[in-house]
Undergrad: 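Could you have a look at this structure, given as structure tokens, before my questions?
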Amino acid sequence: MIHVQLQGVGFRYPNGMQAVAGLDLDQRSGILGVLGPNGAGKSTLMRMLATLTRPTEGRILWNGSDNPDALRRTLGYLPQEFGVYPALSAREFLAYLAAVKGLPHAKTAARVDECLQMVGMQDAADKRLGDCSGGMRQRVGIAQALLNDPQLLIVDEPTVGLDPDERLRFRNLLTDLAGQRLVILSTHIVSDLEASATDLAVMHKGRLVFHGTPEALIAGARDKVWEWTVDAGSLPQVRSRHKVCASLRRPDGVRVRVVAHQAPSGEAEQVVPGLEDAYVWLLERKGGA
């Protein structure tokens, strides 16, 4: 059984600043996307889930227990800032971390090779990490998180700085890894979650403002998304008056896409919302980012 529960979880810094407040969440296996603008409290939540930071309020339960040692034994974590030893190869680096994690020495070599295979790094296993691309180092980061075959895999802003191909490869990798695990992926990039997340948790100013399926979030923006074409000179005025989700330059002007209760223009057409639209609409209703 894979079951994570947050009961009134909060975190307050010693200076009194409240980073996270009143989080209640119940999540089982699949991919949970934790979405929110920078400063929403996502990384603080990830550190608490990874047992690196203790909540100052409430409890986090893993399969009914709030013992962090029980969770650590079955936890894999890729932090937002993941450092490597550039002089080591991927194989050497993972063998070192396997020793740190206490994996049996006799099984280390086989497990390292298995993890390299899972993340598609077997052909570059002996390449110096200093010579690897950002995407390759991120794959090594996932490999180290998988060394102990975790039931809970936490990754924090994993695609920042990656090119589009690496981002796509990374998203596909997380989808393949989910299986019977619970993967918690924190990001502010909606496209990282569109094709992979089974559930979403949206954070705003330290609080949970949505927890449910992507389809449920999209349903909340039904009849609230509009498109029309304006001339390029009018775009700044449109941005000042409306919440623009996207704009696309075309030969006849700029096609703008906005969220609003009512038609923002006599020429605006109602369109089917996507996940990005629904996310922007939710934050707009909660007072903006």
Side-chain angles (χ1 to χ4, degrees), residues 2-84 97 100-102 137-138 140-161 174 177 181-189 192-193 197 199-211 286 289:
I2 302 172
H3 191 193
V4 172
Q5 294 169 286
L6 278 63
Q7 299 177 344
V9 168
F11 182 81
R12 186 183 297 274
Y13 288 102
N15 64 5
M17 188 184 84
Q18 187 88 38
V20 171
L23 296 190
D24 292 304
L25 186 143
D26 194 305
Q27 185 68 40
R28 298 180 186 268
S29 59
I31 298 181
L32 172 66
V34 180
L35 190 60
N38 290 328
K42 302 188 304 298
S43 289
T44 300
L45 173 59
M46 295 300 103
R47 288 194 296 271
M48 288 192 290
L49 287 168
T51 74
L52 298 176
T53 300
R54 293 184 66 88
T56 56
E57 305 160 17
R59 296 196 305 164
I60 297 177
L61 303 179
W62 170 253
N63 290 343
S65 170
D66 62 357
N67 179 1
D69 291 333
L71 175 54
R72 289 180 189 123
R73 286 193 291 270
T74 186
L75 169 71
Y77 178 49
L78 176 61
Q80 187 171 352
E81 299 294 335
F82 174 67
V84 298
L97 290 180
V100 171
K101 291 171 182 277
R137 287 195 293 271
Q138 285 291 74
V140 172
I142 283 290
Q144 65 80 27
L146 293 171
L147 284 169
N148 61 334
D149 193 20
Q151 287 185 293
L152 173 61
L153 178 62
I154 298 172
V155 288
D156 190 5
E157 297 282 2
T159 65
V160 172
L174 291 181
L177 290 174
R181 296 183 177 92
L182 170 57
V183 177
I184 300 180
L185 166 61
S186 168
T187 184
H188 66 279
I189 303 171
D192 283 349
L193 304 174
D199 292 278
L200 296 174
V202 181
M203 294 189 67
H204 178 67
K205 297 181 179 178
R207 294 187 176 274
L208 189 66
V209 294
F210 176 85
H211 180 221
K286 298 299 178 180

Undergrad: Suppose we screen for side chain to side chain donor-acceptor pair (under 3.5 Å). Which residues come up paired with Gln27, at least two apart in sequence or across chains?
TA: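 For Gln27, the residues satisfying side chain to side chain donor-acceptor pair (under 3.5 Å) (neighbours in sequence not counted) are Asp199, His211.
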
Undergrad: Measuring only between side-chain heavy atoms, which start at C-beta, is Ile60 closer than 4.5 Å to Asp66?
TA: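 When only atoms from C-beta onward are counted, Asp66 and Ile60 do not touch, as no gap falls below 4.5 Å.
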
Undergrad: Say whether, by atom type as modelled, one donor and one acceptor occur between the side chain of Thr74 and the main chain of Gln151 under 3.5 angstrom.
TA: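 Yes, because the side chain of Thr74 sits within donor-acceptor range (under 3.5 Å) of the backbone of Gln151.
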
Undergrad: Ignoring hydrogens and angles, state whether a donor on the side chain of Gln7 or Glu57 is under 3.5 Å from an acceptor on the partner side chain.
TA: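 No, no side-chain donor-acceptor pair sits under 3.5 Å.
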
Undergrad: Could you state the interatomic distance from NZ (Lys205) to NZ (Lys286), rounded to the nearest 0.5 Å?
TA: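 Lys205 NZ to Lys286 NZ: 11.5 Å, rounded to 0.5 Å.
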
Undergrad: Does Met203 form a side chain to side chain contact (heavy atoms under 4.5 Å, CB included) with Val34? I'd like the steps, not just the answer.
TA: CA-CA 7 Å; Met203 294 189 67; Val34 180; 4.1 Å; yes

Undergrad: Working to the nearest 0.5 Å, report the span between CG of Leu185 and CG of Asp156.
TA: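 If we round to the nearest 0.5 Å, Leu185:CG and Asp156:CG are 9.0 Å apart.
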
Undergrad: Is it the case that the side chain of Asn63 and the backbone of His3 share a donor-acceptor pair, with hydrogens and angles ignored and the cut-off at 3.5 Å?
TA: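 Yes: the side chain of Asn63 pairs with the backbone of His3.
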
Undergrad: Work out which heavy atom in Leu208 is nearest to a heavy atom in Ala201; give both atom names and the distance.
TA: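 Minimum heavy-atom separation between Leu208 and Ala201: CD1-CB, 3.6 Å.
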
Undergrad: Out of curiosity, Arg59 CZ to Ser65 OG, how far, rounded to the nearest 0.5 Å?
TA: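 Nearest 0.5 Å value for the CZ-OG distance: 9.0 Å.
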
Undergrad: Check whether Gln144 reaches the backbone of Tyr77 with its side chain - one donor and one acceptor, N or O, closer than 3.5 Å.
TA: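 Indeed, once roles are kept as given, a pair shorter than 3.5 Å links the two residues.
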
Undergrad: For residues Leu49 and Val4, determine if any side-chain heavy atom of one lies less than 4.5 Å from a side-chain heavy atom of the other.
TA: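 Heavy-atom side-chain distance check passes, below 4.5 Å.
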
Undergrad: Return yes if some donor-acceptor pair links the side-chain N/O of Asn148 with the main-chain N/O of Leu75 below 3.5 Å, else return no.
TA: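 Flag set: sc Asn148 to bb Leu75 pair under 3.5 Å.
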
Undergrad: Are any of the side-chain heavy atoms of Arg137 and Phe82 separated by less than 4.5 Å?
TA: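 In short, these two side chains do not touch, never coming nearer than 4.5 Å.
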
Undergrad: Check this for me, if you would: do Asp149 and Arg181 make a salt bridge, where the nitrogen-to-carboxylate-oxygen distance has to be below 4.0 angstrom?
TA: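 A salt bridge links Asp149 with Arg181.
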
Undergrad: Kindly compute the distance separating CH2 (Trp62) from CG (Leu152), expressed to the nearest 0.5 Å.
TA: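 The CG atom of Leu152 is 4.5 Å from CH2 of Trp62, to the nearest 0.5 Å.
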
Undergrad: Is the shortest side-chain heavy-atom distance between Leu200 and Leu32 below 4.5 Å?
TA: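 Result no, sub-4.5 Å side-chain heavy-atom pair not found.
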
Undergrad: So, taking the atom named CG in Leu78 and the one named CE in Met46, what distance separates them when rounded to the nearest 0.5 Å?
TA: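 With rounding to 0.5 Å, CG (Leu78) is 12.0 Å from CE (Met46).
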
Undergrad: With sequence neighbours excluded, tell me which residues meet side chain to side chain donor-acceptor pair (under 3.5 Å) with Thr187.
TA: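 Per chain and number, Thr187 pairs via side chain to side chain donor-acceptor pair (under 3.5 Å) with Asp192.
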
Undergrad: A quick test of your reading: do over 12 heavy atoms of other residues, nucleotides or ligands sit less than 6.0 Å from CZ of Arg72?
TA: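 Enclosed: over 12 neighbouring heavy atoms sit under 6.0 Å from CZ of Arg72.
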
Undergrad: Looking at every heavy atom in both Gly10 and Met48, which two are closest together, and how far apart are they?
TA: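 Looks like O-SD, 4.2 Å.
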
Undergrad: Would you say Thr51 and Asp69 make side-chain contact, with heavy atoms under 4.5 Å?
TA: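 Of all side-chain heavy-atom pairs linking Asp69 with Thr51, none is under 4.5 Å.
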
Undergrad: Taking the side chain from Gln138 and the backbone from Pro158, do they hold a donor-acceptor pair closer than 3.5 Å?
TA: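 Side chain of Gln138 to backbone of Pro158, a donor-acceptor pair under 3.5 Å: yes, one is there.
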
Undergrad: What distance do Ser43 atom OG and Asn38 atom CG have between them, rounded to the nearest 0.5 Å?
TA: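 Here the rounded value is 8.5 Å.
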
Undergrad: Decide yes or no for His188 and Pro37: does some side-chain heavy atom of the first lie under 4.5 Å from some side-chain heavy atom of the second?
TA: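 Not touching, per the 4.5 Å side-chain cut-off.
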
Undergrad: Could you check if a side-chain atom of Leu23 sits within less than 4.5 angstrom of a side-chain atom of Phe11, using non-hydrogen atoms only?
TA: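 In short, these two side chains do not touch, never coming nearer than 4.5 Å.
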
Undergrad: Is a side-chain donor or acceptor of Asp24 paired with a backbone partner of Gly8 at a separation under 3.5 angstrom?
TA: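 The answer is yes, because a donor-acceptor pair under 3.5 Å joins these two groups.
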
Undergrad: With a 4.5 Å limit on heavy-atom distance, are the side chains of Leu153 and Ile184 in contact?
TA: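 Answer no - side chains too far apart.
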
Undergrad: How close do Gly76 and Pro150 get, heavy atom to heavy atom, and via which atoms?
TA: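 In this case the closest contact between Gly76 and Pro150 is N-CB, 3.3 Å.
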
Undergrad: Less than 3.5 Å apart, any donor N or O on the side chain of Arg12 or Thr56 sitting next to an acceptor on the other?
TA: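 On atom types as modelled, these side chains do not qualify, holding no pair under 3.5 Å.
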
